[in-house]
Amino acid sequence: MDALALFCTASLLAGGLYWFVCVLGSAEQKGKRAVHLSGGSISSEKVQDKYNQYWSFFRRPKEIETTEKVPAFVDTFYNLVTDIYEWGWGQSFHFSPSIPGKSHRDATRLHEEMAVDLLNVKPGARILDAGCGVGGPMRAIASHSGANVVGITINEYQVNRARMHNKKAGLDSQCEVVCGNFLQMPFADDSFDGAYSIEATCHAPKLEEVYAEIYRVLKPGSMYLSYEWVTTELYHADDPEHVEIVQGIERGDALPGLRSYSDIAEIARKVGFEMVKEKDLAKPPARPWWLRLKMGRLAYWRNHILVTVLAWLGIAPKGVVDVHEMLFKTADYLTRGGDTGIFTPMHMILCRKPVKKDSFTFRIDAALLIVDVGLGALNIEVDGIVFNCSRRKFK
Ligand SMILES: C=C(CC[C@@H](C)[C@H]1CC[C@H]2C3=CC[C@H]4[C@H](C)[C@@H](O)CC[C@]4(C)[C@H]3CC[C@]12C)C(C)C
Ligand SMILES: C[S@@+](CC[C@H](N)C(=O)[O-])C[C@H]1O[C@@H](n2cnc3c(N)ncnc32)[C@H](O)[C@@H]1O
């Protein structure tokens with residue numbers, strides 16, 4: 001009898017443990033397991049120090065506004081979170097509207113495919129992924145469109161992960177990954193047939209700098225699409241709850257400061273883009289993008305226990321518990337941002353680099369002459385006054 005009771009208790013415990021670890025909103029994503037959680041390129045013993053250093057940035061917010069320091073701060077952040085993201089979310093580090101009857105994976109993929117469909121590129125085209133993470137979107141986009149994708153990320157650990165996933169997926173001939181700063185890209189002018197950035201340019205201290213750089217590398221006539229993190233028209237800077245939510249999002253996501261939705265198109269135009277379309281993809285009838293985060297809460301509790309046990313056993317680096325706790329709180333701020341409607345991670349802009357008109361300049365008698373032969377017209381500008389000289393003799 002005693003043996004039977006012992007057996008039943010043990011079976012119940014084993015069943016409960018199996019349910020807790022494996023069934024309850026399974027976090028184990030293809031390619032990453034809890035026992036492999038690391039601090040990215042940071043050695044195990046330095047994870048805790050780097051986490052403390054990450055937080056110290058927020059004690060001197062002025063430094064986050066300094067362009068030169070932000071990439072290093074973002075790089076540290078991604079060393080700390082990349083494994084946890086892959087383990088608990090997947091290979092695409094972004095949100096997407098939930099779609100009834102479709103899995104998160106399918107909804108994510110559709111959101112990515114829509115981006116490249118809008119870019120209108122042909123198979124074999126060369127397109128840029130600015131801020132590519134471990135390449136989830138890049139692989140979906142390459143296989144959907146037949147385009148060759150070049151991704152850039154500031155984080156070397158992500159470069160290695162992305163290359164490994166590309167190879168595993170048999171897409172390494174179509175997908176290239178470069179380690180670098182999207183504010184100063186190692187690419188030639190006019191060298192891409194299209195570009196996109198998915199929830200990445202929010203890390204740039206000055207949006208105009210990254211947009212100008214993307215503009216530079218695009219061929220004239222080609223398109224750029226971005227999904228931007230912004231505050232919406234419902235955000236009020238004088239509402240303490242709104243301020244708390246936005247600050248929580250910024251701190252848990254390495255953002256130098258969230259922008260307003262109204263700044264985005266203006267900045268794109270300022271660097272020279274023509275605006276083709278602008279839309280907040282989170283607006284109804286789209287279903288909430290934050291539903292997935294909200295539904296995952298119980299699994300995140302389970303993850304927290306797992307991470308704590310693994311760190312205690314010395315399998316995961318000690319600092320991982322703090323990083324996980326930070327993400328746990330961030331999930332709550334993001335959910336509140338969604339519930340209140342003051343924040344969206346998918347304010348979409350689609351824009352085009354205009355086709356250049358050929359022009360040349362020469363000087364006569366110290367007056368500056370610009371001869372513009374675009375669209376077949378012959379316009380001559382002398383000291384700011386434009387003469388239309390088409391079909392006229394001009395001396
Ligand atoms: C675009 C960015 C990242 C967006 C999202 C991919 C991530 C934002 C918050 C992350 C997460 C929060 C909670 C974690 C949870 C506690 C853990 O157990 C499993 C992973 C999380 C779900 C994690 C996954 C990725 C996010 C949803 C930013 C940085 C610009
Ligand atoms: C939230 S992740 C999104 C990744 C990818 N777009 C996706 O959806 O899976 C943001 C990405 O932007 C990259 N990033 C941020 N600042 C960068 C910079 N200055 N230069 C290059 N990449 C940067 C990060 O390294 C990270 O890969």
Side-chain angles (χ1 to χ4, degrees), residues 25 27-29 32 34 37 40 67-68 70-96 104 108 111-112 115 129-141 151-159 161-162 165 177-186 196-206 209-210 213 226-229 248-256 258 289-290 292-307 320 323-335 337 345-346:
E28 305 282 331
Q29 303 279 341
K32 185 54 69 179
L37 291 179
T67 315
E68 315 88 67
V70 173
F73 150 80
V74 172
D75 182 34
T76 300
F77 174 79
Y78 281 105
N79 274 325
L80 296 172
V81 303
T82 293
D83 274 355
I84 302 182
Y85 276 19
E86 264 201 66
W87 168 58
W89 198 256
Q91 295 170 14
S92 292
F93 296 175
H94 63 83
F95 294 104
S96 52
H104 297 313
T108 302
H111 196 57
E112 296 165 350
D129 181 339
C132 64
V134 298
M138 167 194 277
R139 285 180 288 282
I141 282 172
I152 184 165
T153 166
I154 194 80
N155 183 261
E156 201 175 352
Y157 183 70
Q158 291 189 336
V159 172
R161 295 291 301 165
H165 289 309
V177 191
V178 174
C179 191
N181 186 349
F182 58 34
L183 303 174
Q184 291 156 342
M185 291 190 276
Y196 65 89
S197 50
I198 300 185
E199 302 187 23
T201 50
C202 49
H203 288 297
K206 292 192 182 98
E209 287 183 359
V210 57
E213 196 52 3
S226 190
Y227 294 151
E228 291 290 342
W229 277 36
I249 294 175
E250 289 168 353
R251 294 182 174 198
D253 293 290
L255 303 180
L258 267 178
W289 55 266
W290 62 99
R292 180 176 173 191
L293 265 187
K294 219 173 178 170
M295 305 298 282
R297 267 190 208 145
L298 214 55
Y300 306 155
W301 274 108
R302 183 273 316 272
N303 292 352
H304 201 67
I305 298 173
L306 257 179
V307 167
V320 166
V323 178
H324 190 269
E325 192 173 342
M326 170 186 83
L327 293 179
F328 195 97
K329 289 183 183 147
T330 308
D332 192 51
Y333 284 121
L334 285 162
T335 305
M346 49 191 75

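Both counts, for ligands and for their atoms, begin at 1 and track the order of listing.
Here OG1 of T330 is found 12.0 Å from CD of E250. Values are rounded to the nearest 0.5 Å.
The aromatic rings of W89 and F95 stand perpendicular to each other, their planes meeting at an angle above 60°, with 30° marking the opposite boundary.
Closest heavy-atom approach to atom 28 (C) of ligand 1 among the candidates Y300, W229, W89: W229.
Which parts of ligand 1 touch H94 is read off a 4.0 Å heavy-atom cut-off, strictly below it: atoms 6 (C). Every atom of ligand 1 with a heavy atom of L334 under 4.0 Å away is listed here by number and element: 8 (C), 9 (C). In the vicinity of A331, heavy-atom distances shorter than 4.0 Å reach the ligand 1 atoms 12 (C), 13 (C). Annotation for ligand 1: atoms under 4.0 Å from non-hydrogen atoms of F328 are 16 (C). Which parts of ligand 1 touch N303 is read off a 4.0 Å heavy-atom cut-off, strictly below it: atoms 17 (C), 18 (O), 19 (C).
Exactly one residue among Q91, H165, K32 makes a side-chain hydrogen bond (donor to acceptor under 3.5 Å, both in side chains) with E86. That residue is H165.
In this structure, I154 and H203 have side chains that are not in contact, with every pair of non-hydrogen atoms separated by 4.5 Å or more. With contacts defined as side-chain heavy-atom distances shorter than 4.5 Å, the pair Y85/V134 does not qualify. When side chains are defined from C-beta on, R297 counts as touching D332, because their heavy atoms get closer than 4.5 Å. In this structure the side chain of V178 never reaches within 4.5 angstrom of the side chain of V159, judged on heavy atoms. Looking only at side-chain heavy atoms (C-beta outward), F93 and V81 stay at 4.5 Å or farther from each other. Side-chain contact check for Y227 versus H94: every heavy-atom pair is 4.5 Å or farther apart. Here the side chains of Y300 and N303 are in contact, with some heavy-atom distance below 4.5 Å. Considering only heavy atoms from C-beta on, L327 comes within 4.5 Å of I84 through its side chain.
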Quick check on ligand 2: any N or O pairs to the protein under 3.5 Å? One line per pair.
{"residue": "ligand 2", "atom": "6 (N)", "partner": "G131", "partner atom": "O", "Å": "2.8"}
{"residue": "ligand 2", "atom": "6 (N)", "partner": "I198", "partner atom": "O", "Å": "2.9"}
{"residue": "ligand 2", "atom": "9 (O)", "partner": "F93", "partner atom": "N", "Å": "2.7"}
{"residue": "ligand 2", "atom": "19 (N)", "partner": "N181", "partner atom": "OD1", "Å": "2.9"}
{"residue": "ligand 2", "atom": "20 (N)", "partner": "F182", "partner atom": "N", "Å": "2.8"}
{"residue": "ligand 2", "atom": "22 (N)", "partner": "I154", "partner atom": "N", "Å": "3.2"}
{"residue": "ligand 2", "atom": "25 (O)", "partner": "T153", "partner atom": "OG1", "Å": "2.8"}
{"residue": "ligand 2", "atom": "25 (O)", "partner": "Q158", "partner atom": "OE1", "Å": "3.3"}
{"residue": "ligand 2", "atom": "27 (O)", "partner": "G133", "partner atom": "N", "Å": "2.9"}
{"residue": "ligand 2", "atom": "27 (O)", "partner": "T153", "partner atom": "OG1", "Å": "3.4"}
{"residue": "ligand 2", "atom": "27 (O)", "partner": "Q158", "partner atom": "OE1", "Å": "2.6"}

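At a heavy-atom distance under 4.0 Å, no atom of H304 approaches ligand 1. When non-hydrogen atoms are compared, ligand 1 lies under 4.0 Å from the backbone of D253 as well as from its side chain. At a 4.0 Å heavy-atom cut-off, ligand 1 touches C202 through the side chain alone. Proximity of V81 to ligand 1, defined as any heavy-atom pair under 4.0 Å, is not found for any part of the residue. Here W290 has no heavy atoms under 4.0 Å from ligand 1, in either its backbone or its side chain.
Heavy atoms of Y78 come nearer than 4.0 angstrom to ligand 1 in at least one pair.
Considering backbone and side-chain N/O atoms, H324 comes within less than 3.5 Å of an N/O atom of ligand 1.
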